[in-house]
Amino acid sequence: MTTLLANIAKVRDRIQHATEHCGRDVKDITLLAVSKTRPATAIEEAHHAGLLHFGENYAQEAEAKVATLQHLPLVWHFIGPLQSNKTRLVAERFHWLHSLDRLKIAERLQAQRPVHLPPLNVCIEVNIDDEASKSGLHPGQLDDFVRALLSLDRLAVRGLMVIPAANQTAATTHASFERTSACLHQLQQQFPQLPLDTLSMGMSADLELAIAAGSTLVRVGTDIFGARL
């Protein structure tokens with residue numbers, strides 16, 4: 001078994017154990033392999049090992065890989081900050097955006113999403129720990145932002161994405177995840193017409209805490225592909 005195959009098996013075991021521990025169904029958790037800085041060959045190997053969802057942070061790097069691997073039925077997620085001049089790539093080539101936090105970006109995606117494609121799935125990034133250095137909306141801004149997105153029919157608002165503050169205790173990180181889960185639940189009550197079914201939260205170091213708090217998608221890079229190149 002190659003190192004990559006072994007790593008994927010270990011991550012799947014962690015997800016399985018985490019769901020069993022909190023009484024959830026492992027089928028409700030999507031494993032997103034964070035493939036930024038990784039070559040197309042590594043992504044193809046991971047796909048042959050059973051992975052379908054891949055996350056990219058950098059538009060120019062992602063463009064080349066998406067083109068190289070277009071023969072594979074991969075689901076591409078853009079998970080990094082998105083600049084206005086890079087929206088067309090995401091609108092035309094990606095299935096998901098996890099870092100939406102500006103109406104201007106949403107409007108550009110709406111205009112640029114090809115009509116022959118289904119709506120672009122988007123998650124709103126939440127700055128759950130109120131960090132000055134981090135992007136994302138504060139929880140109190142979510143209601144108005146979602147309301148502003150209702151008219152954009154080329155976007156499907158699927159849920160929330162969060163990256164808690166670094167260097168916290170496990171209890172504090174779990175509390176951040178719980179607050180994000182509560183935000184999604186509130187939005188589900190306010191906007192029942194939207195397919196709000198996704199909590200993109202949890203990475204290599206804290207996926208168990210995220211799953212316990214209700215995550216439906218964990219973003220794992222290091223524990224699949226090894227240390228960042």
Side-chain angles (χ1 to χ4, degrees), residues 30 32 34-37 53-67 74-165 176 179-180 183-184 186-188 190-191 193-203 215-219 221:
T30 297
L32 173 61
V34 178
S35 48
K36 62 181 180 181
T37 77
H53 297 264
F54 293 87
E56 292 286 328
N57 287 61
Y58 310 115
Q60 189 169 356
E61 174 194 338
E63 184 173 19
K65 287 189 277 190
V66 171
L74 307 181
V75 180
W76 291 102
H77 300 243
F78 196 85
I79 60 176
L82 182 59
Q83 300 173 332
S84 296
N85 63 347
K86 302 296 184 183
T87 54
R88 184 171 296 278
L89 168 68
V90 173
E92 293 180 347
R93 306 299 294 274
F94 278 75
H95 304 88
W96 286 78
L97 170 68
H98 288 237
S99 52
L100 184 63
D101 66 351
R102 286 181 290 160
L103 185 58
K104 176 183 177 181
I105 295 294
E107 290 172 341
R108 288 180 65 87
L109 293 167
Q110 164 77 13
Q112 295 167 344
R113 183 69 170 175
V115 295
H116 68 277
L117 295 178
L120 177 68
N121 297 296
V122 299
C123 289
I124 300 166
E125 184 172 359
V126 184
N127 187 348
I128 198 65
D129 292 317
D130 196 22
E131 297 177 87
S133 61
K134 189 171 289 182
S135 301
L137 297 175
H138 299 296
Q141 299 174 307
L142 289 172
D143 180 79
D144 287 343
F145 188 65
V146 173
R147 203 172 301 280
L149 298 177
L150 291 177
S151 63
L152 306 182
D153 62 349
R154 303 304 298 144
L155 306 182
V157 184
R158 296 293 298 273
L160 304 176
M161 186 274 272
V162 71
I163 304 173
S176 297
R179 292 198 304 276
T180 308
C183 287
L184 181 65
Q186 182 175 352
L187 291 176
Q188 289 169 334
Q190 292 174 289
F191 302 99
Q193 71 272 41
L194 295 177
L196 291 163
D197 57 4
T198 302
L199 273 175
S200 171
M201 61 186 193
M203 297 184 288
S215 175
T216 65
L217 183 150
V218 292
R219 310 180 305 273

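Since the structure is predicted, the reported quantities are computational estimates derived from the model, not experimental observations.
Listed here is the closest heavy atom pair of Cys183 and Ile128: SG-CD1, 4.5 Å. Here the closest heavy-atom approach between residue Val66 and residue Arg93 is recorded as CG1-NH2, 3.6 Å. Closest heavy-atom contact between Thr37 and Lys65: N-NZ, 3.8 Å. Ser176 and Pro164 make their closest contact through CB-CB, 4.0 Å (heavy atoms, listed as atom of the first residue, atom of the second, distance). Heavy atoms only, all atoms of each residue included: Met161 and Ile79 are closest at CE-O, 4.1 Å. Between Leu152 and Gln110 the shortest heavy-atom distance is C-OE1, 3.1 Å.
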Test side-chain contact (heavy atoms from CB on, under 4.5 Å) on Ile105 and Ser84 and set out the steps. CA-CA 6 Å; Ile105 295 294; Ser84 296; 3.7 Å; yes

If you apply the rule side-chain contact (heavy atoms from CB on, under 4.5 Å), what do you find for Leu97 with Leu82, and how did you get there? CA-CA 9 Å; Leu97 170 68; Leu82 182 59; 4.0 Å; yes

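Leu196 places a side-chain heavy atom less than 4.5 Å from the side chain of Phe191. Looking only at side-chain heavy atoms (C-beta outward), Pro81 and Ser99 stay at 4.5 Å or farther from each other. Contact of the Leu103 side chain with the Phe145 side chain is registered, since non-hydrogen atoms from C-beta on lie closer than 4.5 Å. With a 4.5 Å cut-off on side-chain heavy atoms, Ile124 and Val146 count as touching.
Checking side-chain atoms of Arg113 against main-chain N and O of Pro118 turns up a donor-acceptor pair under 3.5 Å. At distances below 3.5 Å, not a single donor-acceptor pair connects side-chain atoms of Ser200 with backbone N or O atoms of Leu160. Gln112 contributes no side-chain N or O that, together with a main-chain N or O of Ala91, makes up a donor-acceptor pair within less than 3.5 Å. Of the possible donor and acceptor atoms, none in the side chain of Arg154 sits under 3.5 Å from a partner among the backbone N and O of Ala111. Judged by distance alone, with hydrogens and angles left aside, the side-chain atoms of Thr216 form a donor-acceptor pair with the main-chain N or O of Leu199 at under 3.5 Å.
Partners of Phe54 under the ring-ring contact (aromatic ring centres under 6.0 Å, His included) rule, at least two apart in sequence or in another chain, do not exist in this structure.
Atom CD in Gln141 sits 9.5 Å away from atom CG in Asp101 (nearest 0.5 Å). Annotation: the span from Asn57 atom CG to His98 atom NE2 amounts to 10.5 Å, rounded to 0.5 Å. Distance check: Leu187 CG to Leu194 CG gives 9.0 Å after rounding to the nearest 0.5 Å. Rounding to the nearest 0.5 Å gives a distance of 11.5 Å between CD of Glu107 and OG1 of Thr87. To the nearest 0.5 angstrom, His95 atom NE2 is 8.0 Å from Leu117 atom CG. Atom-to-atom distance recorded for Ile163:CD1 and Lys134:NZ is 5.5 Å, nearest 0.5 angstrom.
Between Asp129 and Arg179 there is a salt bridge, with a side-chain nitrogen of the basic residue lying less than 4.0 Å from a carboxylate oxygen of the acidic one.
Side-chain N/O atoms of His53 and His77 include a donor and acceptor closer than 3.5 Å. A donor-acceptor contact closer than 3.5 angstrom links the side chains of Glu56 and Ser35. In the model, Ser135 has no side-chain atom that pairs as donor or acceptor with a side-chain atom of Glu125 under 3.5 Å. No side-chain donor from either of Gln186 and Asp143 sits under 3.5 Å from a side-chain acceptor of the other.
Using a 30° and 60° split on the angle between ring planes, Phe94 and Phe78 fall in the perpendicular class, above 60°.
If you run side chain to side chain contact (heavy atoms under 4.5 Å, CB included) between Val126 and each of Leu137, Leu142, Leu184, only Leu142 comes through.
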